[in-house]
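Only one structure is covered here, and it is reproduced in the block below.
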Amino acid sequence: MRFLFMLLSLVFADNGCSSAKIDQNAVSFEYSATSRGSYENIKINKKRVSIENKRDDATPFTKTCSETYWNSLLKELKPINVENIPNLKAPSQNRLFDGAAIARLKIIYNGTTYQTSAFDHGNPPKEIEALVKEILSISENIE
């Protein structure tokens, strides 16, 4: 009986944690990739996607963020331990000798900014790879 009680407790506790919802209005994403000859800054929140491709561009390209795009970002965010992203290690070092643009990902949640250390554009740490690919895909496919 005690075993059954413990087993049921674990099942209900697990369901409670997995159903925790992210406050969608309190999260936003920012991805930047810079090198001597290129610049890209992508900002996404629930309402809009903003893309800058020039360093001195005063008016970035801005579009409404569709619910489909937003939900795909939240899906990719869910397995990530946001508090740990500053500790992620870059899998390659090409940015150190101009072999790749320097990239960074920021996740702003409830007023707190969580930022990765620099990594090579096109080769993010595995833990955030799916989220970065989704951000880049949205920026390339937004109309």
Side-chain angles (χ1 to χ4, degrees), residues 4-143:
L4 181 61
F5 176 73
M6 290 175 61
L7 182 62
L8 288 173
S9 296
L10 287 173
V11 168
F12 287 120
D14 185 46
N15 285 343
C17 292
S18 65
S19 66
K21 296 209 178 218
I22 296 171
D23 181 2
Q24 296 183 20
N25 294 316
V27 66
S28 63
F29 305 91
E30 187 173 329
Y31 179 83
S32 64
T34 59
S35 69
R36 282 192 243 182
S38 67
Y39 178 81
E40 185 173 21
N41 192 13
I42 305 162
K43 296 179 183 179
I44 304 174
N45 62 34
K46 186 176 181 179
K47 295 181 181 182
R48 96 182 41 118
V49 178
S50 174
I51 304 166
E52 292 179 71
N53 289 319
K54 296 179 183 173
R55 293 180 203 276
D56 299 325
D57 194 3
T59 56
F61 174 75
T62 304
K63 284 291 205 176
T64 301
C65 184
S66 73
E67 190 172 334
T68 304
Y69 286 152
W70 185 247
N71 289 335
S72 65
L73 285 171
L74 293 180
K75 177 185 168 207
E76 299 303 339
L77 175 64
K78 196 168 189 173
I80 297 172
N81 178 359
V82 177
E83 294 174 350
N84 190 46
I85 69 168
N87 303 321
L88 298 177
K89 301 292 181 209
S92 58
Q93 305 294 319
N94 294 333
R95 69 194 174 284
L96 299 178
F97 58 86
D98 291 342
I102 300 168
R104 287 190 172 83
L105 173 68
K106 287 183 189 177
I107 300 172
I108 299 103
Y109 185 64
N110 284 334
T112 304
T113 301
Y114 303 95
Q115 180 174 314
T116 63
S117 55
F119 59 89
D120 293 347
H121 177 60
N123 193 17
K126 294 293 180 207
E127 296 86 347
I128 61 169
E129 183 175 25
L131 178 60
V132 169
K133 283 183 178 181
E134 190 62 32
I135 290 170
L136 293 173
S137 174
I138 290 169
S139 75
E140 292 169 5
N141 295 312
I142 194 109
E143 296 177 359

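These numbers come from the heavy atoms of this one structure, side chains and all, not from hydrogens, waters or symmetry mates.
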With no hydrogens and no angle check, is any side-chain donor or acceptor of Ser139 less than 3.5 Å from a backbone partner on Leu136?
yes

On a heavy-atom basis, which atom in Ala90 and which in Ala118 lie closest, and how many Å separate them?
CB-O, 3.8 Å

How long is the gap from NZ on Lys47 to OG on Ser28, to the nearest 0.5 Å?
12.5 Å

Given side chains that start at C-beta, do those of Leu131 and Ile107 come closer than 4.5 Å, heavy atoms only?
yes

With sequence neighbours left out, the residues meeting ring-ring contact (aromatic ring centres under 6.0 Å, His included) with Tyr31 are His121

Only one of Leu77, Val49, Ile42 passes side chain to side chain contact (heavy atoms under 4.5 Å, CB included) with Phe29; say which it is.
Leu77

Measuring from atom OG of Ser72 to atom CD1 of Ile138, what distance do you get when rounded to the nearest 0.5 angstrom?
4.5 Å

Indicate whether any N or O donor in one side chain lies under 3.5 Å from an N or O acceptor in the other, for Ser92 and Asn123.
yes

Which residues pass the side chain to side chain contact (heavy atoms under 4.5 Å, CB included) test with Ser117, sequence neighbours left out?
none

Reported CG-to-NZ distance for the pair Leu74 and Lys46, which is rounded to 0.5 angstrom:
8.5 Å

Value for OG (Ser50) from CD (Glu30), rounded to nearest 0.5 Å, stands at 9.0 Å

Within the 4.5 Å heavy-atom criterion, are Ile51 and Pro60 side-chain neighbours or not?
no

Is there a side-chain contact between Ile135 and Leu105, using heavy atoms and a 4.5 Å cut-off?
yes

Is any side-chain heavy atom of Lys54 less than 4.5 Å from a side-chain heavy atom of Tyr39?
no

Heavy-atom closest contact (Pro124 atom, Pro91 atom, distance)
O-CG, 3.5 Å

Under 3.5 Å: donor-acceptor pair, side chain of Asp120, backbone of Asn94
yes

Residue list, side chain to side chain contact (heavy atoms under 4.5 Å, CB included) with Pro86, at least two apart or on another chain
none

With a 4.5 Å cut-off on side-chain heavy atoms, are Ile102 and Phe119 touching?
no

To the nearest 0.5 angstrom, please state how far the CD atom of Glu76 sits from the CD atom of Glu129.
10.5 Å

Between Asn41 and Asn53, is any pair of side-chain heavy atoms under 4.5 Å apart?
no

At what distance, to the nearest 0.5 angstrom, does CZ of Arg48 lie from NZ of Lys43?
11.0 Å

For the student: nearest non-hydrogen atoms of Tyr69 and Cys65, plus distance
CB-SG, 4.1 Å

Measure the shortest side-chain to side-chain distance between Tyr114 and Ile108 over non-hydrogen atoms and say whether it is less than 4.5 angstrom.
no

Run the numbers on Arg104 and Gln115 for side-chain contact (heavy atoms from CB on, under 4.5 Å), then give the verdict.
CA-CA 7 Å; Arg104 287 190 172 83; Gln115 180 174 314; 3.0 Å; yes

Evaluate the side-chain proximity of Asn84 to Glu127: yes if any heavy-atom separation is below 4.5 Å, no if none is.
no

